[in-house]
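Before any comments, here is the structure.
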Amino acid sequence: MNEDMNWMFRALALAEHGLYSTTPNPRVGCVLVKEGICVGEGFHLRAGQPHAEVMALSAAGEAARGATAYVTLEPCSHFGRTPPCSDALINAGVIRVVVAMRDPNPLVSGGGIKRLEAAGIKVDCGVLAEKAGALNIGFVWRHQLGRPFIRSKIGATLDGKTAVSNGESRWITGEDARIDVHRWRARSCAVLTGIGTILEDNPELTVRHVPTTRQPLRIVVDSSLRFQPDHKMACSGTHVVTLNENIALHKRFEDRGVIISVVESRSGQVSLDALMALMARMELNEVLLEAGPTLNGALLDSGFIDELIIYFAPLILKEQARGMFTGRPVVQLDQAEAFRFVNTTYMGEDLRVIARRQYSELLQESGCLPV
C-alpha cells in the first residue's frame, strides 16, 4: 500500500500541471509502473487533447504490457472529445489499475472500473481519494450538486472591514496578496462579481500577474442591467446575468462580445438558484467570487459559498467602515454559518486564511470531499 501511495502522489503531482488549463475537464495524472520502475507517465493538459492515460501509454510504448497504471480519476468509459481511456488501457495490456477516486458524474461513475474488470484487469480504488477530490473539487461539485464550487476572495482588515465608509478599498492588502489573487483567478473557470463592484471600481478581473494560457470568464450579476458599454469588462469573455429583457439594450453589449443571459427573478433580484444552474450548464467547475458585501451576503445566506479566502491586513478601520457580508441577521450563536480553517499563510505583511464550509455526512461518505 505504501508503494501504491507513493506512485499515486506522483500521479497527483502530474495532474497539477493542468491546474490552470483543463477546464471544463478534470485535472488528471497517470503513472505506469512495471517491476517497481516508472515506464511512462502523463497528464491531461487541455480539453480536446489526449487524456493522462493516453499520454502515459504513448510514453511507455510496449513497456506498458504487464504494467500497473496509477490514475488520479477513474478512466473514462465513453466517447466524448476523445475515445475511452479504459479501452486504451485494456488494449495496451495493463494488468492492474489503481484509481484515486471514482468519476463523480452519476451517469458514468463506475463504468470505467466495470469495463476494466470485465477485461480481467484488477482494479483498486480509493488511494489518496481525498487529495484527488481536493484537486478536482469543482468538477466533483458540478456533477454531485449541479453547481460550481464557489470561493469568495475578500481583502479585509483585522476587524473584518473591506473598505472605508465611502467605498475606498485600494489597497487594503499588499502586493504579495494581490499577486496571489491572480493565481486563484488563473485556476478558476470564471470570476463572479456584482454590478455594485463594477460601478464602484470598474475592475478588469483578468489574470495579469501570473503566467496563464487562458483567461477565466467574467460573470456580472446585474438585475436591472446598469452595466455600461464603457466599462472595462464590456468586451468578449464577459457574461452578464440580468432580469432586464430589453433586446435593444442587450444588442449594445452583444456587439462588443458581451453575452447577456436573462434568468428568473426572486424577490426582484436575480435568482441565485437560476444563476447556479446557468453556471453548471456553462460547465464551470470552480468560480472565484470577487464581490462586495451584498452579493457575498446573499450567496452566503443561500449556502452557495463553499470556501473563503480572506487576506487580513494589519489595519483597523473601526465601526463605520464596510464589512464583508450583509444579509440575514444572526441573533443566536447556533445560527452562525459554520466553516473550518484549512490553511493559514503569510503573504508579505498580510495573513491569508482559507476556511471551508462544513458539509453533509452524505458528501463526506462519498469520498469526494477533500480534507
Of R357, R147, R340, the residue whose pairing with D306 passes salt bridge (charged side-chain N to carboxylate O under 4.0 Å, His left out): R147
Path from F43 to V54 over hydrophobic side-chain contacts below 4.5 Å: no
Plane angle bin for H44 and H51 - parallel if under 30°, tilted between 30 and 60°, otherwise perpendicular: perpendicular
Donor-acceptor contact below 3.5 Å, side chain H182 vs main chain R208: yes
Shared hydrophobic cluster for L351 and F339 (ILVMFWY, side-chain gaps under 4.5 Å): yes
Side chain to side chain, V94 and L57, heavy atoms closer than 4.5 Å: yes
Expected output: side-chain S188 to main-chain W184 donor-acceptor under 3.5 Å: yes
Test salt bridge (charged side-chain N to carboxylate O under 4.0 Å, His left out) applied to D159 and K318, step by step: CA-CA 7 Å; D159 54 343; K318 301 183 180 178; over 6 Å; no
Joint cluster assignment, L284 & V263, ILVMFWY side-chain distance < 4.5 Å: yes
Residue pairs passing the side chain to side chain donor-acceptor pair (under 3.5 Å) test where at least one lies in residues 12-23, sequence neighbours excluded: none
Residue pair V258 / C235: nearest heavy atoms and the distance that separates them: CG2-N, 3.4 Å
Short N-O contact, E286 and R27, less than 4.0 angstrom: yes
Within 6.0 angstrom of E245 CD, more than 12 heavy atoms from elsewhere: no
Pair E290 + K153: basic N to acidic O under 4.0 Å: yes
Closest approach of E283 to P24 (non-hydrogen atoms, all atoms of both residues): O-CB, 3.3 Å
Minimum-distance pair of heavy atoms, taken over all atoms of G48 and N25: N-ND2, 4.4 Å
CG on D87 to SG on C76, rounded to 0.5 Å: 8.5 Å
Q228 (side chain) donor-acceptor with R226 (main chain) under 3.5 angstrom: yes
Listed partners of F312 passing ring-ring contact (aromatic ring centres under 6.0 Å, His included), at least two apart: none
C30 and V71, any side-chain heavy atoms less than 4.5 Å apart: yes
Heavy-atom neighbours of E204 CD exceed 12 at 6.0 Å: yes
Donor-acceptor contact present, side-chain T72 to main-chain G29, <3.5 Å: yes
Contact summary for V270 and S223, nearest pair of heavy atoms: N-OG, 3.0 Å
Flag, side chain of S302 to backbone of F304, donor-acceptor distance under 3.5 Å: no
Distance-minimising heavy-atom pair for M279 and I150: CE-CD1, 4.2 Å
Which atom of T212 lies closest to which atom of V207, heavy atoms considered: CG2-CG1, 3.8 Å
N/O donor-acceptor pair under 3.5 Å between T162 side chain and G323 backbone: yes
R214 side-chain N/O to A186 backbone N/O, donor-acceptor pair under 3.5 Å: yes
Side chain D180, main chain D176, donor-acceptor under 3.5 Å: no
Donor-acceptor contact below 3.5 Å, side chain E74 vs main chain I113: yes
Residues D350, R352: salt bridge by 4.0 Å N-O rule: no
Atom NZ of K114: over 12 foreign heavy atoms under 6.0 Å: no
Neighbour count >12 (heavy atoms, 6.0 Å) for atom CZ, R96: yes
Ring-face cation contact, W171 with R178, 6.0 Å cut, 45° max: yes
ILVMFWY cluster, L278 and L272 together (side-chain gap under 4.5 Å): yes
Mutual orientation of the aromatic rings belonging to F139 and H143 [parallel < 30°, tilted 30-60°, perpendicular > 60°]: perpendicular
Hphob cluster co-occupancy, Y311 + V342, side-chain heavy atoms under 4.5 angstrom: yes
Any donor-acceptor pair under 3.5 Å from R185 side chain to T206 backbone: yes
